[in-house]
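Positions are given from 1, in the same order as the sequence printed here.
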Amino acid sequence: MRKKRIAIIVPGGVSNGFYNQGLPALVNLINGLSARFEVTVYSLISVNPDYKPDNFRLKAITAVREQSALSRMLRLSFMIYRDHLKDRYDLFHGIWGGASGTLAVLLGKLLMRPSVVSLRGGETAEVGAIAYGYLLKSSKKKWLLSTLKRADQVTVLTNFQASVLRKYGFKKDIQVTPTGVDTSIFAPANKVYGPPFHFLHVANLTEVKDQETLLRAFRLIRDKLDCHLKIAGADYLNGKIQKLCSELDLEDSVTFLGPVKNTDLPTYFAWAHAMMHTSLYEAQGVVTVEAAACKVLVAGTKTGMISDLEYETVSVAPGDFKDLAERVLQIAADEKHWKSTVQRAYEWAKAHDIHFTVNRFVNIYNDHIK
């Protein structure tokens with residue numbers, strides 16, 4: 001029996017980045033879908049020619065992100081159209097709501113095929129303090145909402161994202177489909193409850209991830225608790241966070257790891273008692289689910305998945321480092337409360353693993369393919 005054919009359009013995230021790993025959560029989802037459908041991924045930027053996908057096709061134009069989005073969309077659309085004429089696609093899926101989502105919707109209308117648009121990042125962000133997010137610019141906001149209204153199905157990662165769209169008057173059906181993780185890889189490890197307490201932070205050093213709040217909260221925690229913090233992620237702030245670390249006299253209590261392979265993260269979660277995630281904005285924050293699956297306490301700001309899982313995490317308003325420190329110290333003094341919170345998050349992560357995510361998209365595809 002012929003497998004249904006799916007064209008997935010991405011702005012990048014496959015065969016890019018450090019260690020050529022792209023965005024592991026996205027690649028895992030595509031691999032899962034490829035077991036059920038014949039999937040071709042089309043990228044709006046160049047991919048590494050040495051990258052060999054496990055069980056899907058990967059095609060791309062030769063381009064970089066800085067080139068005109070319209071030019072890249074036109075070039076990629078011709079590639080997809082030619083492939084469609086040879087062997088017709090059953091559905092177009094745009095990952096992210098910018099150029100890739102728009103292209104999926106336009107091709108769907110042109111070729112009379114259903115389209116799905118999945119919002120996975122800054123499309124639902126409006127962080128004025130750092131000028132971050134589609135919704136801050138009226139032109140981008142109109143473009144996004146117009147694309148979503150014309151899509152046959154819209155998916156988001158969290159109820160947090162869905163509430164933002166509803167605030168702007170979007171009334172069509174939204175499927176909330178969080179990205180789960182492989183719980184055979186991200187799994188609990190035996191460890192002795194602290195002190196000393198081990199804290200982990202996994203994110204590139206950028207303005208939106210707000211490591212200033214992280215370090216200021218950790219300074220207050222370190223004053224009262226025997227603990228150490230490890231930070232995994234590439235530095236895009238030219239040493240600003242390391243300088244703040246020195247100013248806060250935390251150099252002996254904080255280790256900067258630099259970029260870390262996703263496959264190495266379980267080792268760090270096995271070390272950690274808690275993960276602190278202090279973003280100003282997240283669509284989800286897959287790392288919070290990875291931590292939950294490893295029975296690592298998630299403490300951070302109410303955005304993305306932490307907003308959705310208020311009772312499974314320690315959560316505060318973005319930027320409120322004093323409240324975050326106070327709440328972490330309170331729960332650290334109550335081992336029973338700590339472990340019950342961790343258990344609730346673990347049960348959620350197990351119920352919403354990568355298989356859950358793949359099955360949700362399988363159902364979405366099948367519901368829309370005639």
Side-chain angles (χ1 to χ4, degrees), residues 24 180-203 211 213-233 241 245 248-278 285-301 305-306 309-316 321-353:
V181 302
D182 186 340
T183 54
S184 68
I185 296 173
F186 291 93
N190 292 325
K191 66 190 77 170
V192 178
Y193 191 72
F197 284 93
H198 298 159
F199 290 88
L200 181 66
H201 175 78
V202 182
Q211 282 89 9
T213 290
L214 168 74
L215 288 184
R216 293 192 183 281
F218 185 70
R219 172 69 271 178
L220 297 177
I221 295 167
R222 182 67 184 85
D223 286 343
K224 301 287 181 64
L225 204 63
D226 182 9
C227 56
H228 192 90
L229 169 66
K230 290 184 178 180
I231 299 175
I241 301 304
C245 182
L248 294 173
D249 196 23
L250 284 171
E251 289 173 301
D252 292 337
S253 301
V254 177
T255 301
F256 289 90
L257 302 169
V260 171
K261 287 183 180 179
N262 186 256
T263 51
D264 290 340
L265 283 181
T267 300
Y268 291 102
F269 284 123
W271 170 84
H273 295 99
M275 191 196 70
M276 295 176 68
H277 200 70
T278 51
V286 175
V287 70
T288 60
V289 182
E290 292 171 340
C294 295
K295 286 195 173 182
V296 171
L297 179 76
V298 176
T301 46
M305 187 54 70
I306 294 179
L309 300 182
E310 184 175 354
Y311 298 104
E312 291 84 3
T313 62
V314 175
S315 60
V316 303
F321 67 89
K322 291 181 181 179
D323 195 19
L324 180 58
E326 182 179 341
R327 288 171 183 260
V328 169
L329 288 169
Q330 285 175 349
I331 198 169
D334 186 346
E335 183 176 355
K336 184 178 179 181
H337 184 198
W338 180 298
K339 290 186 174 179
S340 65
T341 302
V342 164
Q343 182 64 28
R344 287 194 297 273
Y346 171 72
E347 290 171 1
W348 186 94
K350 287 285 285 185
H352 298 81
D353 66 0

#### Entry: side-chain hydrogen bond (donor to acceptor under 3.5 Å, both in side chains) against T213, all qualifying residues, sequence neighbours excluded
D210
### Task
Just do the side-chain contact (heavy atoms from CB on, under 4.5 Å) check on H337 and V314 with the steps written out, would you?
CA-CA 11 Å; H337 184 198; V314 175; over 6 Å; no
## Note on the structure
The side-chain hydrogen bond (donor to acceptor under 3.5 Å, both in side chains) partners of D182 (sequence neighbours excluded) come to S184
### Message
Is it true that, when you exclude K322 itself, more than 12 heavy atoms of the residues, nucleotides or ligands shown sit nearer than 6.0 Å to its NZ?
### Response
no
### Task
Apply side-chain hydrogen bond (donor to acceptor under 3.5 Å, both in side chains) to D223 and list each qualifying residue two or more places apart in sequence or on a separate chain.
R219
### Under the side-chain hydrogen bond (donor to acceptor under 3.5 Å, both in side chains) test, residues paired with Q211 that sit two or more places apart
H201
### Task
With sequence neighbours excluded, tell me which residues meet ring pair (Phe, Tyr, Trp, His ring centres under 6.0 Å) with Y311.
none
### Query
What residues, two or more places apart in sequence or in another chain, satisfy side-chain contact (heavy atoms from CB on, under 4.5 Å) together with E290?
V181, F186, N262, L265, F269, V286, V287
#### Entry: S253: side-chain contact (heavy atoms from CB on, under 4.5 Å) partners, not counting sequence neighbours
F218, R222, L250
### Message
Going by the rule ring pair (Phe, Tyr, Trp, His ring centres under 6.0 Å), which residues pair with H198 if we only count those two or more places apart in sequence or in a different chain?
### Response
W271, H273
### Pairs satisfying salt bridge (Lys or Arg N to Asp or Glu O under 4.0 Å), at least one member in residues 329-338, at least two apart
E335-K339
## Note on the structure
The reported gap from CZ in F197 to CG in L297 (rounded to nearest 0.5 angstrom) is 9.5 Å
### Summary
V202 and H277 have their tightest heavy-atom pair at O-CE1, 3.9 Å
### Query
Roughly how far, to the nearest 0.5 Å, is CG of D226 from CD1 of I221?
13.0 Å
### Message
Q330: which residues meet the side-chain contact (heavy atoms from CB on, under 4.5 Å) condition with it, sequence neighbours left out?
### Response
E326, R327
### Any residue meeting ring pair (Phe, Tyr, Trp, His ring centres under 6.0 Å) with W348, in chain and number order, not counting sequence neighbours
H352
#### Entry: From M276 atom CE to L214 atom CG, the distance as rounded to the nearest 0.5 Å
5.5 Å
#### Entry: Heavy-atom closest contact (T278 atom, T301 atom, distance)
C-OG1, 3.3 Å
### Message
To the nearest 0.5 Å, what is the distance between CG on L220 and CG on D323?
### Response
11.0 Å
### Task
Quick one: closest heavy-atom pair of A217 and L324, and the distance?
CB-CD2, 4.0 Å
### Query
Between V298 and E312, is any pair of side-chain heavy atoms under 4.5 Å apart?
no
### Task
Please round to the nearest 0.5 Å and tell me the distance separating atom CG of L248 and atom CG of L215.
6.5 Å
### Message
Could you report the tightest heavy-atom contact between A293 and P188, atom names first, then the distance?
### Response
O-CD, 3.4 Å
### Query
Quick check: does any side chain N or O of K295 sit under 3.5 Å from a backbone N or O of V342, one acting as donor and the other as acceptor?
no
### Message
If you compare all heavy atoms of L225 against all heavy atoms of A332, which two are closest, and at what distance to 0.1 Å?
### Response
CD2-CB, 4.1 Å
### Message
Set out, in order, the CA-CA distance, both residues' side-chain angles and the distance that settles side-chain contact (heavy atoms from CB on, under 4.5 Å) for T313 and T288, then state yes or no.
### Response
CA-CA 9 Å; T313 62; T288 60; over 6 Å; no
#### Entry: Residues which pass side-chain contact (heavy atoms from CB on, under 4.5 Å) with L257, listed by chain and number, not counting sequence neighbours
K230, A232, T255, V260, Y268
### Message
Testing the basics here: between A189 and A270, what is the closest heavy-atom pair and its distance to 0.1 Å?
### Response
CB-CB, 3.7 Å
